[in-house]
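Before any comments, here is the structure.
Counting begins at 1 with the first residue of the sequence. Heavy-atom basis, side chains included; hydrogens, waters and symmetry copies ignored.
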Amino acid sequence: MHEKADGHALERLLADNEQLAEHNREHFDEDDVLCLNFMSAPGAGKTTLIEKAIGQLKDRYRSFVIEGDMVGELDADRLKREDIEAFQISTGKACHLDAAMVARVLHNLELPEADIAFIENVGNLVCPAEFPLGEHLRVVLLSVTEGADKPLKYPVIFHNCDAVVLTKCDLLPYVDFDRDMFVQALRALNHDAALFEVSAKSGSGLTPFVEWIVSCIKIQRSTKGYSRGNKGEPKRDHVHLVSS
């Protein structure tokens, strides 16, 4: 009986989160802001990728970052040192951001006018996948140092994403990463996600990823809103290979 009650409570929690996420998405659509939710395990390189992407985009598009961490503001402070506007959410004991946390930022803080909102979720391959935030697109990062089996171990987050970025590809000569196994496992879960192979340190592969973001902005503006699951290009079957 207790387990059944807990199940109903979780269903209500997820339903309430989904409703608020839709409200957040409407907020982004009204302001013509493309919102991307970056998810990964800790240390995969979310902050670095966001920083480098904004660096390439800044002459064309305005951006800000919503930074999620359980404690501390190290990543937000790092972005601010690069003149990137960043807004911190400290989740405390929660291992993920939720739509209510993002809603408080949207309604209670004075956000800059922008074209792109980057959300850096808490480092975790499980919980963030279950809680939409109002984003238009979900980007999952996987460092090659983590191993090629992660889609098999964490299928939900890879199934429900729009792009996958393999990071730290400059380390491929030094780690045991079976790329064919990874791609096969990913495609069994998600045939449509764009796939990028990037070394933020060297810059290899970064430009195709940034141009994918640009093409998504153009889709959003041409369709007056970019709901998740939009079947238009550019996120169909794009695979970008780089050499380290």
Side-chain angles (χ1 to χ4, degrees), residues 3 5-31 33-47 49-50 63-77 79 85-112 114 116-142 150 153-165 190 193 220 225-230:
E3 292 181 359
D6 287 346
H8 287 318
L10 177 59
E11 288 177 6
R12 288 196 300 272
L13 176 64
L14 294 174
D16 290 344
N17 184 85
E18 180 67 39
Q19 184 176 14
L20 191 51
E22 292 177 4
H23 170 76
N24 290 344
R25 192 177 302 112
E26 290 171 359
H27 183 101
F28 289 123
D29 285 340
E30 287 172 2
D31 292 338
V33 174
L34 180 73
C35 180
L36 299 99
N37 180 7
F38 281 64
M39 302 178 288
S40 76
K46 295 188 296 298
T47 309
L49 183 63
I50 290 171
S63 304
F64 66 84
V65 181
I66 297 174
E67 187 68 49
D69 282 299
M70 294 180 75
V71 295
E73 299 188 10
L74 291 175
D75 291 338
D77 289 342
L79 293 171
E85 297 201 62
F87 302 87
Q88 181 69 44
I89 297 177
S90 296
T91 65
K93 295 182 179 180
C95 59
H96 59 88
L97 293 174
D98 62 30
M101 296 175 189
V102 174
R104 284 193 288 272
V105 171
L106 296 179
H107 291 286
N108 296 334
L109 297 181
E110 187 174 342
L111 300 176
I116 314 166
F118 293 87
I119 298 178
E120 181 175 346
N121 218 313
V122 178
N124 189 327
L125 285 175
V126 182
C127 301
E130 300 285 358
F131 286 82
L133 308 175
E135 71 272 18
H136 297 103
L137 297 165
R138 292 180 172 183
V139 179
V140 175
L141 282 66
L142 178 71
K150 293 303 175 288
K153 292 183 175 181
Y154 305 97
V156 175
I157 199 166
F158 287 95
H159 175 70
N160 292 329
C161 70
D162 301 280
V164 174
V165 183
N190 188 334
Q220 183 199 36
Y226 198 147
S227 298
R228 294 203 65 250
N230 187 318

If you round to the nearest 0.5 Å, how far is [atom2] of [Y] from [atom1] of [X]?
X	Y	atom1	atom2	result
I66	L36	CD1	CG	11.5 Å
Y154	N124	OH	CG	8.5 Å
L34	Q220	CG	CD	5.0 Å
I50	E120	CD1	CD	4.5 Å
L79	L74	CG	CG	11.0 Å

Next on the checklist: Taking ring pair (Phe, Tyr, Trp, His ring centres under 6.0 Å) as the definition, give me every residue that meets it alongside F38, ordered by chain and number, with sequence neighbours left out.
Outcome noted: F118
Qualifying residues under side-chain hydrogen bond (donor to acceptor under 3.5 Å, both in side chains), relative to [X], sequence neighbours excluded:
X	result
D75	T47
N24	none
S40	K46

Checklist entry - Under 3.5 Å, side chain of N37 to main-chain N/O of R138, donor-acceptor pair present? => result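 Flag not set: sc N37 to bb R138 has no pair under 3.5 Å.
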Checklist entry - Any donor and acceptor pair, going by atom type alone, linking the side chain of N190 with main-chain N or O of C161 inside 3.5 Å? => result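 Yes: the side chain of N190 pairs with the backbone of C161.
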Checklist entry - Under the side chain to side chain donor-acceptor pair (under 3.5 Å) rule, what pairs show up with a residue in residues 92-110, not counting sequence neighbours? => result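 The answer is H23-H107.
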Next on the checklist: List the residues meeting side chain to side chain contact (heavy atoms under 4.5 Å, CB included) with D31, not counting sequence neighbours, and say none if there are none.
Outcome noted: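 D31: side chain to side chain contact (heavy atoms under 4.5 Å, CB included) contacts with H27, V33.
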Checklist entry - Residues two or more places apart in sequence or in another chain: which of them pass side chain to side chain contact (heavy atoms under 4.5 Å, CB included) with S90? => result Q88
